Amino acid sequence: MISVSEALDQLFALAAPLPVETVPLVQAAGRVLARPVTARRDQPPFPASAMDGYAVPGAAPGQSFTVIGESAAGTRFEGSVGPGQAVRIFTGAPVPEGATRIVIQEDVTRDGETITLHDDLDENPYIRPAGTDFRIGQTVEAPRLLTPQDVALLAAMNIAEVPVTRKPRVALISTGDELVMPGDTPGPDQIIASNTFGLHALLRDLGAEPRILPIARDTSESLIHGFSLVGDADLVVTIGGASVGDHDLVARVAGELGMERAFHKVAMRPGKPLMSGRLQGAMMVGLPGNPVSAMVCGHVFLAPVIRAMLGLGTAPAPRLKARLSAPLTQNGPREHYMRAQLDGDGILALDRQDSSLLSVLGKANALLVRPVGDAARQIGDTVDYLPL
Ligand SMILES: Nc1nc2c(c(=O)[nH]1)N[C@H]1C(S)=C(S)[C@@H](COP(=O)(O)OP(=O)(O)OC[C@H]3O[C@@H](n4cnc5c(N)ncnc54)[C@H](O)[C@@H]3O)O[C@H]1N2
Ligand code: MOO
């Protein structure tokens, strides 16, 4: 059995960054910017008013000015402002030549075309210099997972299309005679395929394009048929059939189909029977069937693999630290990812840790990580965790 970090290294060696494609800006959020993009204009492109008021060439309390025109957002005042003159101006409008500040309209009394400034003037000039937000040539660096804020910035830079890494296509194959799809009517010995859907959701959130294939039954023929449906997937993920039972066929069938196996079995709990390799041009990961094992492997392995394929680098799932709010007994020979709850008092491993318990996983908001052979821990000790 290899360690979690050795398994991750081998997975990263199999996970090549995907090609670049161009998408319209409305589809850019959540995608990974693949190349730096450069602003095509200054913003604002002219000195702009930050407030509604009057543009004046300097201002003293009590001073009067004659209003000679108007500058609105989209339609500037053509001309300049001389001594004793003011231009009515609105937020976002170009500041006319000769004006050095904007006096907000709350600080002004207007009588016809004459304005008189109040005694308690707001001193802020309220002018945004040209290019104060960004200048032509300024870049948004890549790789970068684009947020809604980034999309707004790119739009302001007049970038209508962006180069992004293609979404990793992931084929999900559940295996087992006992499984039916949610909504179907299970026979007396059957259960519902669950982690398939949890993994689909996780992968979609990570920016992949997952596809659930028909459930493969516990026969070689059915599994071979399942593998024949993966199409152009970058990553094939099987669920179940990874262990040592008579009906656990995934490793054998994948081997017969020519899988170059990188590893099978990892010193972790849950998730021990994990396997991976390369199968017919795609990366393949065989997850254990126990629902919590599959989901934990999704967070610990599939998430970093998807990020690597997206060009976001090769790093394990980020870990944080917290203080224990209940003691822990000694850990065994496998790295343990304990379902845990984190709150203001610290982190607490939940009572029941069986890898079939989705209801416990649902209550957890963290996976508390116990290193191999970790000694017993006391309240207040610092531990690592992965947020869920
Ligand atoms: N003698 C041994 N038995 C087992 C070992 C071992 O080392 N020696 N390892 C155990 C561990 S650890 C795990 S984890 C499981 C993993 O087994 P498989 O990957 O072969 O998974 P299955 O046997 O097919 O299923 C396990 C369990 O999960 C349920 N399952 C499977 N797929 C789904 C799905 N898509 N949705 C919901 N539930 C699913 C399945 O019905 C079983 O209950 O092996 C241990 N055994
Ligand atoms: O490793 Mo299994 O995933 O402990 O339940």
Side-chain angles (χ1 to χ4, degrees), residues 1-4 7 170-184 186-203 210-220 222-223 226-227 229 236-255 259 261 263-277 284-302 331-340 349-350 352-362 364 367-370 372 386:
M1 265 194 289
I2 61 171
S3 69
V4 169
V170 186
L172 287 169
I173 307 176
S174 305
T175 71
D177 289 346
E178 76 280 26
L179 301 176
V180 299
M181 287 298 211
D184 284 354
D189 299 334
Q190 288 190 304
I191 62 164
I192 314 298
S194 55
N195 40 23
T196 323
F197 289 82
L199 290 164
H200 184 275
L202 177 71
L203 289 160
R211 192 161 56 99
I212 295 177
L213 298 187
I215 295 167
R217 299 304 167 192
D218 288 326
T219 64
S220 299
S222 183
L223 253 182
F227 281 122
L229 300 177
V236 179
V237 176
T238 59
I239 304 162
S243 189
V244 292
D246 296 348
H247 304 282
D248 296 335
L249 303 175
V250 172
R252 180 162 64 74
V253 171
M259 181 176 84
R261 186 193 290 173
F263 62 85
H264 188 182
K265 293 202 171 82
V266 179
M268 71 184 290
R269 187 179 160 203
K272 181 177 67 171
L274 185 82
M275 74 182 86
S276 185
M284 185 257 177
V285 173
L287 297 180
N290 273 326
V292 175
S293 315
M295 291 306 292
V296 167
C297 288
H299 287 280
V300 175
F301 297 112
L302 295 186
N331 188 35
R334 293 193 273 156
E335 192 162 289
H336 196 175
Y337 291 80
M338 304 184 83
R339 279 64 80 199
L350 293 162
R352 295 188 304 153
Q353 292 288 330
D354 185 278
S355 60
S356 67
L357 303 176
L358 282 176
S359 58
V360 175
L361 182 64
L367 294 173
L368 192 169
V369 188
R370 305 291 312 280
V372 170
L386 303 183

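Computed from a predicted model, the values in this text were never measured in an experiment. Each ligand, and each atom within it, is numbered from 1 in the order the structure gives.
- Interface of T196 with ligand 1, defined as ligand atoms under 4.0 Å from a residue heavy atom, comprises 35 (N).
- Proximity to K272 (heavy-atom distance under 4.0 Å) selects the following atoms of ligand 1: 6 (C), 7 (O).
- The ligand atoms of ligand 1 that sit less than 4.0 angstrom from a heavy atom of V244 are 1 (N), 2 (C), 8 (N).
- Distance alone, capped at 3.5 Å, is enough to place a donor-acceptor pair between the R334 side chain and the M268 backbone.
- Taking a cut-off of under 4.0 Å to the non-hydrogen atoms of G241, the atoms of ligand 1 that pass are 18 (P), 19 (O), 20 (O), 21 (O), 22 (P), 24 (O).
- Across all non-hydrogen atoms, the minimal contact from L287 to A294 is CD1-O, 4.0 Å.
- Atoms of ligand 1 lying under 4.0 Å from any heavy atom of A193, numbered from 1 in the order shown and given with element: 36 (N).
- Considering all non-hydrogen atoms of both residues, H336 and R269 come closest at CD2-O, 3.1 Å.
- Looking at I191 against ligand 1, only its side chain comes within 4.0 Å, counting heavy atoms.
- By the 4.0 Å heavy-atom criterion, P270 is excluded from the residues contacting ligand 1.
- Only side-chain heavy atoms of D248 come within less than 4.0 Å of ligand 1; its backbone N, CA, C and O stay farther off.
- Not a single heavy atom of V250 sits under 4.0 Å from any atom of ligand 1.
- Not one N or O of R334 is nearer than 3.5 Å to an N or O of ligand 1, by distance alone.
- Here the shortest heavy-atom pairing between F197 and P182 reads CE1-CD, 3.2 Å.
- Which parts of ligand 1 touch P273 is read off a 4.0 Å heavy-atom cut-off, strictly below it: atoms 13 (C), 14 (S), 16 (C).
- At least one N or O atom of A242, backbone or side chain, sits closer than 3.5 Å to an N or O atom of ligand 1.
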Yes or no on side-chain contact (heavy atoms from CB on, under 4.5 Å) for S3 and V372, after CA distance, side-chain angles and deciding distance?
CA-CA 9 Å; S3 69; V372 170; over 6 Å; no
Tabulation required: pairs of a nitrogen or oxygen in ligand 2 and a protein nitrogen or oxygen under 3.5 Å; columns are atom names and distance to 0.1 Å; otherwise 'none'.
from: ligand 2; atom 1: 1 (O); to: G271; atom 2: N; distance (Å): 2.6
from: ligand 2; atom 1: 1 (O); to: K272; atom 2: N; distance (Å): 2.9
from: ligand 2; atom 1: 3 (O); to: G271; atom 2: N; distance (Å): 2.5
from: ligand 2; atom 1: 3 (O); to: S293; atom 2: OG; distance (Å): 2.4
from: ligand 2; atom 1: 5 (O); to: N290; atom 2: ND2; distance (Å): 3.3
from: ligand 2; atom 1: 5 (O); to: S293; atom 2: OG; distance (Å): 3.1
from: ligand 2; atom 1: 5 (O); to: S355; atom 2: OG; distance (Å): 2.5

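- Geometrically, ligand 1 and S355 share no nitrogen or oxygen pair separated by less than 3.5 Å.
- Across S355 and P270, no two heavy atoms sit closer than the pair CB-CB, 3.7 Å.
- Between L179 and ligand 1, no pair of N/O atoms sits closer than 3.5 Å.
- When the heavy-atom distances from atom 30 (N) of ligand 1 to G289, S243, G286 are ranked, the shortest goes to G289.
- In plain terms, the two heavy atoms of G298 and L202 that are nearest each other are C-CD2, 3.5 Å.
- Side-chain N or O atoms of Q353 include one that pairs as donor or acceptor with a backbone N or O of R339 at under 3.5 Å.
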Name the atoms and distances for all side-chain donor-acceptor pairs under 3.5 Å in residues 170-178, with sequence neighbours left out.
from: S174; atom 1: OG; to: T196; atom 2: OG1; distance (Å): 2.7
from: T175; atom 1: OG1; to: I239; atom 2: O; distance (Å): 3.0
from: T175; atom 1: OG1; to: G240; atom 2: O; distance (Å): 3.3
from: D177; atom 1: OD1; to: D218; atom 2: N; distance (Å): 2.8

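- Set against the non-hydrogen atoms of I239, the atoms of ligand 1 under 4.0 Å away are 35 (N).
- Ligand 1 lies within reach of P291, whose nearest heavy atom is under 4.0 Å from it.
- Minimum interatomic distance between N331 and R370 (heavy atoms only, all atoms of both residues): ND2-O, 3.3 Å.
- In terms of modelled atom types and a separation under 3.5 Å, the side chain of H264 and the main chain of P273 share a donor-acceptor contact.
- Taking distance alone, with nitrogen or oxygen atoms compared against 3.5 Å, S293 stays at or beyond that limit from ligand 1.
- Once rounded to the nearest 0.5 Å, the distance linking NE2 of H299 with CG of L386 reads 9.0 Å.
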